[in-house]
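Below is one structure, written out as structure tokens; the observations come after it.
Because the structure is predicted, anything quoted here is derived from the model rather than measured. Proteins come first, then strands; the chains are lettered A, B, ... in the order of their sequence lines, and each starts at number 1.
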Amino acid sequence: MAESPITARTQDFASWYQDVVLQGDMAEPAEIVKGCMVIKANGYAVWELLQRELDDRFKATGHQNMYFPLLIPQSFMHKEAEHVEGFSPELAVVTMAGGKQLEEPYVIRPTSETIIGHFFAKWIKSWRDLPMLVNQWANIIRWELRTRMFLRTTEFLWQEGHTAHSTHEEAAQEVFRMLDVYAEVAEDVMAMPVIKGLKTQSEKFAGALQTYSIEAMMQNGFALQSGTSHDLGQNFGKAFNVQFQSKEGQLDYVWQTSWGVSTRLVGGLIMSHSDDKGLVLPPKVAPIKAVLVPIYKKKTKVSMKVDPNPSTVGQPVTISGTVMVLPDEEQDEKARVLEVAHRIAKEVDAKVDDREDITPGAKFFHWERRGVPVVLELGPRDLASGSIVLKRRDTGVKEVIPQSEVAAKLPAVLAAMQQSMYDVGKQRLKANTVLANSIEEVESLLKDVTAEKGGGKFVMAHLKDDPRCDARIKEFKATIRCIPLVDEYDGPGKCLVTGEPVDRRVVIAKAY
RNA sequence: CGGGGAGUGGCUCAGCCUGGUAGAGCACCUGGUUCGGGACCAGGGGGUCGGAGGUUCAAAUCCUCUCUCCCCGACCA
């Protein structure tokens, strides 16, 4: 038995995550480019599936895709006071191009509110131009000091929606509508339960009135902000002079929103579901739903290549000048296994792993590490009995079923797996959410929690949306993740820091 | 930006202390035997030891400088 290439979660969660990403062929550090990664085929395929799920929903809610420049005039970043303050430390700036110092440097977009504000100002004149519902799929750069593959890299891929509306009410509706889209994709597609909530004023997006987020819980109890939706108010409208004339003929600034999810979702997916054997993907975002591993003796490799004609089996033939007798039974076995394998694979849309240079055992490990939801095994014994072996990635349970039932069974297994993975996540979230009724209690629940050791909790406590509260929680290296939109607990209480009345408990956790 | 670790065939690393013919395992190529959970045997190819400078008859090894990556903290999707 070869040693597992994957560190156990209990041993070191951070190493486990790295190992899963690498062994699952999801991504690898770019090594020559600081803080960046190469998203490999398996990882990118997952991202593409997520993109499609999201994009379909954006389109269904009336948005159109556009693309804006990567480079933004530096002065644009300065037009909104909070925005520049929030993003300045993370900016990469282009100061030279064409062999010359630029008159005005460009920043590489860390987000596109400013440049889109500029174009909105140009395009929007009348209430008839509203709402303007735009999305862009893009890469962005934020110069982070600390990077982790998918969870935080210097360059990452994302989607940013930008909308302009004639009223605040309508903009607010948009903010919630897209937050709901994110929650739906997280829960229904990624099988990753989330909590929808409002960010505190300290934690909100730089330049927004309000920021809402979906927060997921990773297997080590850390929170992962997995999507954000911002009510920008008229801040950028004013900064970029995006004005429209209302039906009544009056000039007013537009009300804007922006919302985004990134390749971080892939990291969340990995940290939510994977195990010590490697990646586990929920069927809906698995690039390959099922792989069929045929098992047979391949003694007849040469004869098959040279002469697949069944009439020569058992008869002497000449290969490269040598007279050989092809062993008929074995050739039959391989040919029959492959024939049935391909027939079934076609029926159920599975990939046949017919590589001849590695053994079946190696194939099982290969696909297991890459998170394929179902592996089917078909060997001589199955041929004899008309059966096939079906193994589920999440539970590891093997089942022998009649070949005639696999076409009906596989979709059911995939659906069950999707649901069960969500349930497991929901259960974990519940089990690791605890109430705290004093600041000391919050501290004791969180102080020893680290990303490597795990044991993180979502601590529910009464706190006010006040910088003093955020600061107090930061002393424990945790943050107020959000003020949940839905109060599942005991309603109003007294803020543990300020003593002032608040209407519900907030989520406190350590986070990525 | 602080703390730690690491740069040696494609990968993981040994060798360095005590300078003297660059090694192992995995991967790769050839041939054969295997094949229901990481196969085995035999043969073979592949490295200016991160870079620059220095010490020395001689440097992967000693000295100086430098670059990069990874991990951990503070900043953040």
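Ranking B:A77, B:G38, B:A74 by closeness to the A:F365 side chain, first place goes to B:G38. Nearest nucleotide to the side chain of A:K398, out of B:G37, B:A74, B:G38: B:G37. For A:E368, the side-chain atoms get nearest to B:G37 when compared with the rest of B:G37, B:G73, B:A77. For A:F156, taking side-chain heavy atoms from C-beta onward, the closest of the listed nucleotides B:G38, B:C75, B:A77 is B:A77.
When the C1' atom is used for both B:C40 and B:C49, the distance is 33 Å, rounded to whole Å.
Within the structure, the salt bridge (charged side-chain N to carboxylate O under 4.0 Å, His left out) test picks out the following pairs touching residues 377-386 of chain A (sequence neighbours left out): A:E377-A:K398.
In RNA chain B, runs of at least 3 consecutive Watson-Crick or G-U pairs, each pair with both distances below 3.5 Å, span B:1-7 with B:67-73, B:10-13 with B:23-26, B:28-33 with B:39-44, B:50-54 with B:62-66.
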Show the distances under 3.5 angstrom between N or O atoms of the protein and N or O atoms of nucleotides 66-69 of chain B.
unit_1	atom_1	unit_2	atom_2	d
B:C69	OP1	A:K34	N	2.9

Could you pull out the protein-nucleic contacts involving nucleotides 39-43 of chain B (nitrogen or oxygen on both sides, under 3.5 Å)?
unit_1	atom_1	unit_2	atom_2	d
B:A39	OP2	A:T359	OG1	2.5

Determine all donor-acceptor pairs shorter than 3.5 Å in which one atom belongs to a side chain in residues 180-195 of chain A; sequence neighbours excluded.
unit_1	atom_1	unit_2	atom_2	d
A:D180	OD1	A:K196	NZ	2.6
A:Y182	OH	A:Q159	OE1	2.9
A:Y182	OH	A:Q159	NE2	3.2
A:Y182	OH	A:W259	O	3.4
A:Y182	OH	A:G260	N	3.0
A:E184	OE2	A:R57	NE	2.7
A:E184	OE2	A:R57	NH2	3.2
A:E187	OE2	A:V194	N	2.9

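With rounding to the nearest 0.5 Å, the separation of CG in A:L410 from CD in A:E405 is 13.0 Å.
Annotation: side chain to side chain donor-acceptor pair (under 3.5 Å) contacts of A:K409 (sequence neighbours excluded): A:E399. Take A:D25 and apply the side chain to side chain donor-acceptor pair (under 3.5 Å) test, not counting sequence neighbours, and it matches A:K40, A:R370. Listed by chain and number, the residues in a salt bridge (Lys or Arg N to Asp or Glu O under 4.0 Å) with A:K199 are A:E215 (sequence neighbours excluded). Among residues two or more places apart in sequence or in another chain, the salt bridge (Lys or Arg N to Asp or Glu O under 4.0 Å) test is passed with A:K391 by A:E368. A search for salt bridge (Lys or Arg N to Asp or Glu O under 4.0 Å) contacts involving A:R264 returns nothing, not counting sequence neighbours. A:T450 is linked by a side chain to side chain donor-acceptor pair (under 3.5 Å) to nothing, counting only residues two or more places apart in sequence or in another chain.
For A:A511 and A:A30, each mapped to the nucleotide of RNA chain B holding its nearest heavy atom, the one lying further toward the 5' end belongs to A:A30.
Listed pair A:Q18 / B:C70 fails the phosphate criterion, with no side-chain N or O lying under 4.0 Å from OP1 or OP2.
The aromatic rings of A:W16 and A:F13 sit tilted relative to each other, their planes meeting at an angle between 30° and 60°.
Between A:K277 and A:D275 there is no salt bridge, since no side-chain N of the basic residue sits under 4.0 Å from a carboxylate O of the acidic one. Ion pairing between a basic and an acidic side chain is recognised when a charged N comes within 4.0 Å of a carboxylate O; A:E452 and A:R9 show no such pairing. A salt bridge links A:R468 with A:D466; the closest basic N to acidic carboxylate O contact falls under 4.0 Å.
Per the geometry, CD1 belonging to A:I6 stands 16 Å off C1' belonging to B:U12, to the nearest Å. The separation between A:E28 atom CD and B:C70 atom P is 11 Å, rounded to whole Å. Atom CG in A:D25 sits roughly 19 Å away from atom P in B:G10 (whole-Å rounding). Rounded to whole Å, atom P of B:G73 lies 18 Å from atom NZ of A:K447.
Of the residues in residues 377-396 of chain A, those placing a heavy atom less than 4.0 Å from an atom of RNA chain B are A:E377, A:G379, A:P380, A:R381, A:D382, A:V389, A:K391, in numerical order.
A pairwise comparison of heavy atoms in A:T479 and A:A511 identifies OG1-CB, 4.3 Å as the closest pair.
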